[in-house]
Structures are given as C-alpha cells and as structure tokens.
Amino acid sequence: MKIGFIGLGQMGSAMAANLLKAGHDVTVFNRSPEKLHPLIELGAHAATSIADACRGELVVTMLADDTAVADVAFKKGGIVNVLPKDAIHLSMSTISVALAKRLTEVHARAAQQFVAAPVFGRPDAAAAAKLFIVAAGNPTALRTCQPLLDVLGQKTFPIGTTPASANLVKLSGNFLMAAVIEALGEAIALVGEAGIDPKVYVDLLTSSIFNVPVYKTYGGLIAEGRFEPALFAAPLGFKDIRLALEAAESLRVPMPLRSLLHDRFLRLLAEGGEQLDWAAIGGLAARDAGGL
C-alpha cells in the first residue's frame, strides 16, 4: 500500500520501520526532520509537508497527545484539507474520546474515512511487531487497514464501528496499568521495609499468581528503581489519566482510584519527574516509607 506516516517518536519510528520492512511504500513526516534519516535508509520517502504524506490511500498518525493530533489534522494544509476523498486517516495515538468524535465527524464531512486503532505495548513491543491493537471504524475501512495492523501487532481487537470506542478502551487500559503500578509500588515498599529483597518478591509474584506481562515489566522496574530512560514518560501517563477522567465525567462514572492516580502523577511531576518513566509513581510508596 501507499502510506503516509506522521509522528516518529519511539513508537512511530519502530512502527514505520516495520511497514517498510513488509514492503509498503511509506512516506514519513515529522516535525523534527532528523528523525527521518534512519527510515530513509530503509527506503522511506521524506515528506516536507503534511500534504506530501497524504497523497496515498491511507495516512497513519502516531503522535503524543490531542494537541499534536489536532494540529496536523485541522490546520490549514492539514490532513483533513489534503487527504483524498475515500482515503483513510488511521489514528494510532492515545487521544481523548472527544477528539476522536470530532475527527470522525470532520473526516465524514470531507468524504474521508477515520479509523481509530490505539495500541498497547512499549517501544520494544513496537519494534518486535508485538503490539496489541484496539480498532474501531467503518467495517470496509477496517478491512483496508487490517494488512497494516497485521504487520504492526500480534493481534487486533475490533471493538465496533464507532472510532471513539477504541480510544475509550485504550484509556481504560492505561488507567488499569497505572493502578497496577501504584499497587505494586505499595506492596514492594511494604516487604522492602521488612528487609525482604524486592527482586525476589517480584520474581515470586510473577512466577506464580501474577504471571502476566504488566506485573513482570513494572514489578521489575519498581524493584530495581529503574525509571530511566523513560520508554513511556510520566507526563504521558498523567495525560492519559486526565483523559480517562474526562471520559468518566462525560459518562457519569465514578472512578475513585483515578483521583488517587491523578495526585500521584501530579506529585511525581512536581518533584521533577518529567523525564522519568511513568513506572516511577510506583517508587513513591517507598519514599513515603522513608526509603530513597
């Protein structure tokens, strides 16, 4: 397929590389042009504008937040203005439900298709094409996107015909992961204060009752106090918790844990944790207990 790819952070760069390796014709665009070079070496075409990346049948966006996605989509010369009729905007970013609804409406008025397909997985999973993808949109458009999603992930979960549904599911999943990180941090602080080796404790948990990736990944990071380099930075985690709150308020769903997590992230950032991985909220409990 002839594809445009916008957004070459840690996740986007790995995903675009996998599309190139699979033989797709990929044109890449990024606000920081130096990130284009490794992909050009793999055979990508360099776009000097958003329009250059929107000349094919599909454009992928993998950007940090609502502001970045809205900027490339709605500004003059943005995706909505330049994408051909019947072409697809495949948004793989973690964005708000409200923005997903707006993108759906605006693309429909422009006779374009919008598909939401946010992903679960860190940059190593993106590089290994092991992402889990939640997808929603017009069934015909989803079928067009499926060969790309098969390249990028190990499994795609179609969640319905309303794109915003996929974004709600993604935000709910990130809320759950943040809750796991906080709970792990508190449990590890508890046993650590009793002189039990946190690494041994995490190995016990993840080899028995919690033998799942999220506990293995974040339990290991918390036990080792290893929060740099950030593969998912704390400000992004804080953003997702705030977006989950917005969605919960719009649906009138109380989420008491979300309020706790909001304050944990706020404290981490107030103490200078902007460059740390979001797993660093799991280190706060040990500090509260008098640890380092």
query: Does a side-chain heavy-atom distance below 4.5 Å link R55 with T27?
result: no
query: Any side-chain donor-acceptor pair under 3.5 Å between N211 and K216?
result: yes
query: Does a side-chain heavy-atom distance below 4.5 Å link L83 with F114?
result: no
message: Can you confirm whether more than 12 heavy atoms, excluding those of Q275, are under 6.0 Å from its CD atom?
response: no
- prompt: If you measure from CG on L90 to CG on L152, what distance do you get to the nearest 0.5 Å?
  reply: 8.5 Å
field: Residue pairs fulfilling salt bridge (charged side-chain N to carboxylate O under 4.0 Å, His left out) with at least one residue in residues 29-47, sequence neighbours excluded
entry: none
Sequence neighbours excluded and cut-off under 3.5 Å, please list the side-chain donor-acceptor pairs for residues 236-251, or say none.
{"from": "K239", "atom 1": "NZ", "to": "A64", "atom 2": "O", "distance (Å)": "3.2"}
{"from": "K239", "atom 1": "NZ", "to": "T94", "atom 2": "O", "distance (Å)": "2.9"}
{"from": "D240", "atom 1": "OD2", "to": "N174", "atom 2": "ND2", "distance (Å)": "2.6"}
{"from": "S250", "atom 1": "OG", "to": "A247", "atom 2": "O", "distance (Å)": "2.7"}

message: I need the Q113 CD to E57 CD distance, nearest 0.5 Å.
response: 13.0 Å
message: Can you classify the ring geometry of W278 versus F265 as parallel (below 30°), tilted (30 to 60°) or perpendicular (above 60°)?
response: parallel
Close side-chain approach of Y201 and I188, heavy atoms under 4.5 Å: yes
Contact check, side chains of Q146 and D150, non-hydrogen atoms, under 4.5 Å: yes
- prompt: So, R267 and D288, do they make that salt bridge, N to O below 4.0 Å?
  reply: yes
- line: Across all chains, not counting sequence neighbours, the side chain to side chain donor-acceptor pair (under 3.5 Å) partners of E186 are none
task: Kindly indicate whether the side chain of L103, heavy atoms from C-beta on, has any atom under 4.5 Å from the side chain of I95.
output: yes
statement: So CE of M92 and CG of L63: to nearest 0.5 Å the spacing works out to 12.0 Å
Partner of V119 by side chain to side chain contact (heavy atoms under 4.5 Å, CB included), out of T156, L149, I133, V134: I133
Side chain to side chain, I6 and I79, heavy atoms closer than 4.5 Å: yes
